2 protein chains.
Amino acid sequence: MNVEHYADAAISRIAAAIGEPARARILYCLMDGHARTSTELSVVAEVSPSTGSVHLSRLKAERLVKVVVQGKHRYYSLEGPNVAHTLEGLSVLAGGSRARFVPNTPSRLRVARTCYDHLAGTLGVLLHDRFQTLRWLSVDSTEAYDLTPHGAKAFEALGIDLEVTRMLRRRFAYGCLDWSERRPHIGGALGAALLKVALKRKWVLQDLDSRALGITSLGRREMLARFGVHV
Amino acid sequence: MNVEHYADAAISRIAAAIGEPARARILYCLMDGHARTSTELSVVAEVSPSTGSVHLSRLKAERLVKVVVQGKHRYYSLEGPNVAHTLEGLSVLAGGSRARFVPNTPSRLRVARTCYDHLAGTLGVLLHDRFQTLRWLSVDSTEAYDLTPHGAKAFEALGIDLEVTRMLRRRFAYGCLDWSERRPHIGGALGAALLKVALKRKWVLQDLDSRALGITSLGRREMLARFGVHV
DNA sequence: TTCATACTTTGACGGTAGACGAATTATTCA
DNA sequence: TGAATAATTCGTCTACCGTCAAAGTATGAA
């Protein structure tokens with residue numbers, strides 16, 4: 001059976017799954033990479049638990065979310081970075097020409113935010129460029145970034161275990177295109193590890209109900225001292 | 001008014017517009033970058049002209065397609081590369097894990113195809129890499145590729161007027177990520193110009209009802225002679 | 001074992017989105 | 001000008017999708 005012949009039908013199924021307002025609220029809420037329970041998501045979606053459950057099973061059937069069962073809780077999260085990226089793509093289209101000419105994205109999202117599970121926004125792009133300038137990161141098109149020996153040293157110094165990071169079943173690092181900046185930031189396992197460190201050391205604080213990240217004064221100092229980046 | 005606060009609603013509107021089967025057929029058909037009339041698209045969508053017209057006005061309202069009026073014909077086409085990319089993203093999600101493990105994309109689409117209005121597939125990626133090796137193309141992340149003096153000479157030799165190409169109201173060249181190869185090919189005005197030359201000189205032939213491109217034996221010879229690329 | 005909590009499944013209901021044909025507008029060609 | 005073609009608008013109809021309450025399952029605590 002030729003799948004390609006029915007590609008339009010497949011696209012429409014996925015898009016329809018995303019296109020229902022309650023389901024879109026669920027997906028948008030999950031874009032920060034966190035997992036949430038069925039009831040939490042039903043509240044976000046502004047529907048009853050039963051309705052929420054129906055929506056979630058639809059999203060699961062379409063492989064847009066995955067679920068981890070833990071006792072009587074079911075934790076739902078986006079199925080993977082691809083899903084997050086496509087949602088970003090849709091939000092760019094949704095922004096339309098308005099966003100292109102008068103960027104009215106709230107500055108909190110522009111300055112620093114999460115992109116699925118790594119750093120994005122101005123800060124993400126600044127770090128990306130800085131690491132390149134410092135020759136910590138060898139960049140070869142959008143795919144397969146890697147750390148130079150210098151870079152490896154620097155990341156180890158942050159407490160990131162590169163052995164472990166490389167073992168993860170995902171791409172190590174790549175240029176993830178930032179829709180607000182239209183320039184790449186660091187995605188992949190390395191980007192996720194970096195965000196984790198930044199959160200752990202309280203360089204940035206995570207907003208509970210959006211993907212915005214707040215930079216602390218400690219964060220500012222450290223960014224300058226460690227990377228020479230003014231935020 | 002804070003647009004970001006309603007981002008989920010905006011996403012859902014766009015996705016719902018794409019998610020209707022007839023509209024998905026229309027969009028998918030337009031992914032080759034060509035413009036088509038309302039009646040043609042109604043046939044593709046398998047609906048009556050009146051229904052097709054309603055769908056098209058919805059797609060226009062959501063800025064997914066644009067229309068050029070020429071006499072009594074209305075030519076519809078995708079609003080821009082962003083739309084095509086997002087549709088590609090959706091089709092990747094639609095492919096699901098199957099596509100990841102057993103790539104069952106028909107080989108005709110893998111070898112060479114159009115991505116909106118430029119060359120993609122194995123051929124597109126091969127050329128991209130070759131131009132880089134030859135130092136014709138200076139690649140700086142995904143954004144803002146440019147031609148080196150050598151590259152400029154080579155492209156002019158193909159009959160491409162770079163003055164004109166640079167004047168177009170779109171990005172000159174950039175790395176466009178290829179979903180079948182997971183590597184970049186040349187997008188933007190330069191990529192479009194290259195495809196135009198390849199079609200004009202009959203190096204590749206365009207399939208009428210898909211984005212597949214067939215490479216002619218002349219094309220093979222020229223690719224080898226001019227670029228040192230084996231196809 | 002029994003109660004409580006988390007979540008899903010089922011069934012009935014209502015609103016809306018998409019379908020078409022007929023009528024209308026717009027443009028070309030004779 | 002009038003006929004022919006392209007496309008849209010309008011009115012009506014139907015089918016499906018999302019909604020919820022209630023009943024059902026599963027897990028954990030008392």
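Computed from a predicted model, the values in this text were never measured in an experiment. A note on names: the letters A, B, ... follow the listed sequences, proteins ahead of strands, and every chain is numbered from 1.
- Legend: salt bridge (charged side-chain N to carboxylate O under 4.0 Å, His left out) pairs involving residues 39-48 of chain A, not counting sequence neighbours: none detected.
- Counting only heavy atoms from C-beta outward, the side chains of Glu20(A) and Ser12(B) never approach each other to under 4.5 Å.
- Both Leu56(B) and Pro49(A) sit near DNA chain D, but only Leu56(B) has its closest nucleotide nearer the 5' end.
- Ring geometry for His128(B) versus Tyr145(B): interplanar angle of 30 to 60°, hence tilted.
- Ring pair His118(B)/His185(B) is tilted by interplanar angle, where 30° to 60° counts as tilted.
- If one axis is set at each end of the helix from dT1(C)-dA30(D) to dA30(C)-dT1(D) from five pairs, those axes are 20° apart, to 10°.
- A search for side-chain hydrogen bond (donor to acceptor under 3.5 Å, both in side chains) contacts involving Glu222(B) returns Arg226(B), not counting sequence neighbours.
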Protein proximity profile, nucleotides 12-21 of chain C - base contact B, sugar-phosphate-only contact S, no contact -, cut-off 4.0 Å on heavy atoms: ------SSBB
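- For dT8(D), one of the phosphate oxygens OP1 or OP2 lies less than 4.0 angstrom from a side-chain nitrogen or oxygen of Tyr76(B).
- Minimum heavy-atom separation, Leu213(B) to Gln206(B): CD2-CA, 3.9 Å.
- Looking at Leu127(B) and Met223(B), their side chains come closer than 4.5 Å, going by heavy atoms from C-beta outward.
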Whether each nucleotide of nucleotides 24-29 of chain D has a protein heavy atom under 4.0 Å at its base (B), only at its sugar-phosphate (S) or at neither (-) is summarised, 5' to 3', as ---BS-
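- Arg13(A) pairs by the side-chain hydrogen bond (donor to acceptor under 3.5 Å, both in side chains) definition with Glu62(A), not counting sequence neighbours.
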